[in-house]
Amino acid sequence: MTKGFDKKLNRLQRELPEDLLVDAAWLEAKGYSSALRSQYVGSGWLHNPARRVYRRSQSSLSWQQIVVSLQTLLDYPLVVGGRTALEEQGYGHYLSKAVREVYLHGAVRPPSWLGNLPINVQFHWRKAQRLFPDDPQPQPDIHHETPGQAPASMPATVMLDSGGLRVRVSSKERALLEMLDEVPKHETFYQADALMGGLSDLSPRRLQTLLEACANVKVKRLFFFFADRHQHAWLPKIDQSRIDLGSGKRALVQGGKLDQRYQITVPGDLDGVA
């Protein structure tokens, strides 16, 4: 019995990287019963950062460790997107908040225990199909890809080194559209405008594909509104005639002014901060 016990413990040490975490269902599926898990916790071989969540290390958790655990060990088809993805790709100086919020995009809601972990970060989930109805699922196994190269099935995601780990995030082009979806409720026009001013290195080919696939009229109109303001070199390379901008007005700001070209209301003082 001791030999079998030691064999299982050795296997767990091989399969569960020290700084990552798993849930009770993952351990149960691999043959670690509730009694055995309790024994491991009592002996200090496993630790409980939250109820029914386990890891081998007692060190403080980072959001990157949590996300990589979801993307790899637990096979959640989630991608770091929106504001967080832009911050991770070097555009944080255009955004006023520190990385205290992590936006996760995907078809599947993350586990409920995410909010119970001892970490000073707030996770937000956004359903990817809201913007991209035909969005394929990201590959959960991120161990065998060329650094910085997106897999062919998901051209709008990239791999980044973050916090010493490899994290799958939205490309800057996709992350921009995801962030624009948060305007004006969770992101301001002014931050979006400042951010767009610094995005001179976007790929027009990727933007074309994403804008044609995007189902959200507000996001597409906001994109072109801000793009017109900053006139980056990539803008003339986008064929707007292939992108459905819908019809009718969109009131985005109470008491704002109507932009005649894109039929959206914007802050009246936006020109004063451009």
Side-chain angles (χ1 to χ4, degrees), residues 1-81 84 102-129 135-147 150-151 153-154 157-169:
M1 183 173 177
T2 303
K3 184 180 289 187
F5 180 91
D6 291 341
K7 186 176 180 180
K8 275 196 168 185
L9 182 58
N10 290 336
R11 179 161 61 89
L12 182 61
Q13 290 173 334
R14 291 194 306 270
E15 294 182 341
L16 176 56
E18 186 172 3
D19 290 328
L20 301 189
L21 54 80
V22 292
D23 56 19
W26 186 91
L27 288 165
E28 195 78 38
K30 292 184 176 292
Y32 298 92
S33 66
S34 177
L36 191 55
R37 297 195 300 269
S38 296
Q39 190 170 351
Y40 285 173
V41 170
S43 302
W45 292 315
L46 279 180
H47 305 282
N48 270 130
R51 184 175 178 273
R52 296 181 62 79
V53 180
Y54 302 86
R55 67 193 297 245
R56 291 171 50 209
S57 173
Q58 277 189 298
S59 62
S60 59
L61 271 168
S62 70
W63 69 262
Q64 292 94 338
Q65 290 168 346
I66 297 167
V67 169
V68 170
S69 299
L70 292 172
Q71 291 180 335
T72 57
L73 296 175
L74 298 173
D75 286 351
Y76 277 85
L78 296 167
V79 173
V80 175
T84 320
V102 174
Y103 286 86
L104 298 174
H105 290 248
V108 178
R109 187 184 295 273
S112 58
W113 48 255
L114 205 60
N116 299 328
L117 294 171
I119 182 171
N120 190 25
V121 166
Q122 187 173 7
F123 290 93
H124 303 282
W125 174 67
R126 299 291 187 261
K127 190 169 185 178
Q129 281 69 21
D135 199 24
Q137 295 302 301
Q139 302 298 317
D141 181 6
I142 64 174
H143 297 297
H144 306 294
E145 295 174 9
T146 303
S153 61
M154 278 293 286
T157 65
V158 294
M159 299 301 300
L160 287 183
D161 291 320
S162 178
L165 294 167
R166 300 281 288 157
V167 183
R168 185 184 295 285
V169 308

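Along the sequence shown, residues are numbered consecutively beginning with 1.
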Open item on the list: Run Leu165 and Val67 through side-chain contact (heavy atoms from CB on, under 4.5 Å) and show every step you take.
Closed with: CA-CA 10 Å; Leu165 294 167; Val67 169; over 6 Å; no
- [ ] Output all residues satisfying side chain to side chain contact (heavy atoms under 4.5 Å, CB included) with Ser112, sequence neighbours left out; order by chain, then residue number.
- [x]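 By the side chain to side chain contact (heavy atoms under 4.5 Å, CB included) rule, Ser112 matches no residue at all.
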Task: Residue list, side chain to side chain contact (heavy atoms under 4.5 Å, CB included) with Pro17, at least two apart or on another chain - done: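 Leu20, Leu73.
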Is the closest side-chain heavy-atom distance between [X] and [Y] below 4.5 Å?
{"X": "Pro111", "Y": "Leu70", "answer": "yes"}
{"X": "Gln65", "Y": "Leu21", "answer": "no"}
{"X": "Leu46", "Y": "Arg56", "answer": "yes"}
{"X": "Gln71", "Y": "Val167", "answer": "yes"}
{"X": "Leu61", "Y": "Val121", "answer": "no"}
{"X": "Phe123", "Y": "Ile66", "answer": "yes"}

- [ ] Supply the atom-to-atom distance Trp45 CH2 to Leu9 CG, rounded to the nearest 0.5 angstrom.
- [x]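 The CG atom of Leu9 is 5.5 Å from CH2 of Trp45, to the nearest 0.5 Å.
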TODO: For His124, check ring-ring contact (aromatic ring centres under 6.0 Å, His included) against everything at least two apart and list the hits.
DONE: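 ring-ring contact (aromatic ring centres under 6.0 Å, His included) check on His124 returns Tyr103.
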Task: Residues which pass side-chain hydrogen bond (donor to acceptor under 3.5 Å, both in side chains) with Ser59, listed by chain and number, not counting sequence neighbours - done: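 Testing Ser59 for side-chain hydrogen bond (donor to acceptor under 3.5 Å, both in side chains), a comparison that skips the adjacent residues, returns Ser57.
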TODO: Could I get the full list of side-chain hydrogen bond (donor to acceptor under 3.5 Å, both in side chains) partners for Arg37, not counting sequence neighbours?
DONE: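 Arg37 satisfies side-chain hydrogen bond (donor to acceptor under 3.5 Å, both in side chains) with Glu28, Tyr54 only.
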Expected output: side-chain [X] to main-chain [Y] donor-acceptor under 3.5 Å:
{"X": "Asp23", "Y": "Trp26", "answer": "yes"}
{"X": "Trp125", "Y": "Val108", "answer": "yes"}
{"X": "Lys8", "Y": "Gly31", "answer": "yes"}

Taking all atoms of both residues into account, what is the closest heavy-atom pair of [X] and [Y], and its distance?
{"X": "Thr72", "Y": "Val68", "answer": "OG1-O, 2.5 Å"}
{"X": "Arg55", "Y": "Pro49", "answer": "CD-CG, 4.0 Å"}
{"X": "Ala50", "Y": "Asn116", "answer": "CB-O, 3.9 Å"}

Open item on the list: Quick test of your reading: applying salt bridge (Lys or Arg N to Asp or Glu O under 4.0 Å), list the pairs with at least one residue in residues 104-128, sequence neighbours left out, ordered by first then second residue.
Closed with: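 Sorted pair list: Arg126-Glu182.
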TODO: Could you go through the side-chain contact (heavy atoms from CB on, under 4.5 Å) check for Trp63 and Thr84 one step at a time?
DONE: CA-CA 11 Å; Trp63 69 262; Thr84 320; 4.2 Å; yes
- [ ] Any chance you could lay out the side-chain contact (heavy atoms from CB on, under 4.5 Å) test for Leu104 and Val80, step after step, and finish with the verdict?
- [x] CA-CA 5 Å; Leu104 298 174; Val80 175; 4.1 Å; yes
